[in-house]
Amino acid sequence: MPVRLVQEASQSRSGKHVERKLALVLGRDGKLREAGGQVRGLKPLYAKGEAKEILVDLKEGELGVQVRLVRGLKGRVKGFIALYDREGREVYRASLRRRKLRPGRGSTEYHSLVEQVVESLGIAKHLRKYKLP
């Protein structure tokens, strides 16, 4: 069963709010790559920009990664990083608020993988701390 991931880059008409969603695949070797598969167009959250849904067929041992970041007023960023198994179930979600990465729902054994995603995307330099389980 393919995993549904969304890739989006949109902003409000005023430019004060910006939404970014990244669709990635975490391989068995621990490397991140851009998700590829069947693509379908979606309506973006904000007025300017574009969004698309990607149906990804994951191999054994791979995880789908959905990263969502929203910049609101005063430049504050919030969002989440979610990991999906090959059946499309969310196995772990970590939230990002007030420059802190906190464990959310799911099995905490995946938190180290989320930290690996944060490091490879370069988000770590913008965080004050990680809340480890």
Side-chain angles (χ1 to χ4, degrees):
M1 180 176 172
V3 178
R4 295 175 184 268
L5 299 174
V6 178
Q7 190 153 356
E8 178 176 351
S10 67
Q11 67 179 358
S12 64
R13 284 188 179 95
S14 65
K16 292 181 181 177
H17 296 84
V18 178
E19 166 103 5
R20 292 289 183 268
K21 286 185 184 173
L22 301 174
L24 306 166
V25 175
L26 186 63
R28 283 180 238 165
D29 54 356
K31 293 188 179 179
L32 272 180
R33 61 180 166 87
E34 208 170 305
Q38 187 178 354
V39 178
R40 197 181 93 195
L42 285 178
K43 184 178 182 291
L45 179 68
Y46 294 115
K48 297 186 219 171
E50 59 184 36
K52 59 185 173 182
E53 179 183 56
I54 303 170
L55 298 175
V56 183
D57 287 319
L58 297 175
K59 297 179 180 79
E60 189 66 39
E62 291 184 333
L63 292 171
V65 180
Q66 180 73 65
V67 179
R68 178 180 188 247
L69 299 171
V70 179
R71 189 183 75 216
L73 296 174
K74 298 184 181 180
R76 294 188 179 153
V77 177
K78 62 183 178 180
F80 67 84
I81 299 172
L83 300 178
Y84 297 93
D85 63 4
R86 63 185 299 208
E87 279 82 41
R89 294 183 302 243
E90 185 178 283
V91 292
Y92 187 70
R93 179 183 286 232
S95 64
L96 178 69
R97 286 189 317 257
R98 295 175 149 173
R99 295 176 52 201
K100 298 176 196 167
L101 185 69
R102 300 173 184 198
R105 58 180 174 245
S107 177
T108 55
E109 66 189 42
Y110 293 102
H111 192 78
S112 61
L113 296 176
V114 169
E115 287 183 4
Q116 183 179 342
V117 169
V118 167
E119 292 289 334
S120 62
L121 290 177
I123 301 172
K125 62 185 174 188
H126 301 289
L127 296 177
R128 281 192 302 170
K129 63 181 171 178
Y130 297 107
K131 285 276 192 169
L132 295 173

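Not measured: the values here are computed from a predicted model.
- The two residues L83 and V114 make their nearest non-hydrogen contact at CD1-CG2, 3.9 Å.
- For NZ of K48, the number of neighbouring non-hydrogen atoms (other residues, nucleotides, ligands) closer than 6.0 Å is greater than 12.
- Cluster annotation: I54 and L22 are assigned to distinct hydrophobic clusters (Ile/Leu/Val/Met/Phe/Trp/Tyr, side-chain heavy-atom contacts under 4.5 Å, transitive).
- There is no path of hydrophobic side-chain contacts, each under 4.5 Å, that joins V6 to Y84.
- Counting only distance, with no hydrogens or angles, the side chain of E8 and the backbone of L45 share a donor-acceptor pair below 3.5 Å.
- With F80 as the aromatic partner, R68 does not meet the cation-pi criteria of under 6.0 angstrom to the ring centre and within 45 degrees of the ring axis.
- Closest non-hydrogen pair, A94 versus L101, comes out as CB-CD1, 4.0 Å.
- Pairs of residues two or more places apart, or lying in two chains, that qualify as salt bridge (Lys or Arg N to Asp or Glu O under 4.0 Å) and include a residue from residues 24-39 are R33-E62.
- Under a hydrophobic clustering in which Ile, Leu, Val, Met, Phe, Trp and Tyr are joined whenever their side-chain heavy atoms come within less than 4.5 Å, directly or via other members, V117 and V70 fall into different clusters.
- Contact record, R20 with S10: NH1-N, 3.4 Å, taken as the closest heavy-atom pair.
- No chain of hydrophobic side-chain contacts below 4.5 Å, direct or via other Ile, Leu, Val, Met, Phe, Trp or Tyr residues, connects I123 to V25.
- With R99 contributing its side chain and H126 its backbone, the two residues share a donor-acceptor pair below 3.5 Å.
- Here the side chains of R102 and S95 are in contact, with some heavy-atom distance below 4.5 Å.
- Residues L73 and H17 are in side-chain contact: their nearest non-hydrogen atoms beyond the backbone lie under 4.5 Å apart.
- Taking CD of E87 as the reference point, atom CG of L58 lies at 9.5 Å (rounded to 0.5 Å).
- The environment of R4 atom CZ is sparse: at most 12 non-hydrogen atoms of other residues, nucleotides or ligands sit within 6.0 angstrom.
- With hydrogens and angles ignored, the 3.5 Å screen pairs a side-chain donor or acceptor of Q116 with a backbone N or O of G30.
- Heavy-atom minimum distance, S120 versus L32: OG-CD1, 3.0 Å.
- The closest side-chain heavy-atom distance from L5 to V3 is below 4.5 Å.
- Proximity of L96 to I81: side-chain heavy atoms (C-beta onward) are nowhere separated by under 4.5 Å.
- Within a 6.0 Å sphere centred on CD of E109, other residues, nucleotides and ligands contribute more than 12 heavy atoms.
- Across every non-hydrogen atom of D57 and M1, the tightest pair is OD1-C, 4.5 Å.
- Across A47 and R13, no two heavy atoms sit closer than the pair CB-CG, 3.7 Å.
- There is a path of hydrophobic side-chain contacts, each under 4.5 Å, that joins L121 to Y110.
- For the salt bridge (Lys or Arg N to Asp or Glu O under 4.0 Å) condition, no pair includes a residue of residues 75-84, sequence neighbours left out.
- The existence of a salt bridge linking R71 and E19 is excluded, since no basic side-chain nitrogen approaches an acidic carboxylate oxygen closer than 4.0 Å.
- A donor and an acceptor atom, one from each side chain of Y92 and H111, are located under 3.5 Å apart.
- The CD atom of E53 sits 10.0 Å away from the NZ atom of K21 when rounded to the nearest 0.5 Å.
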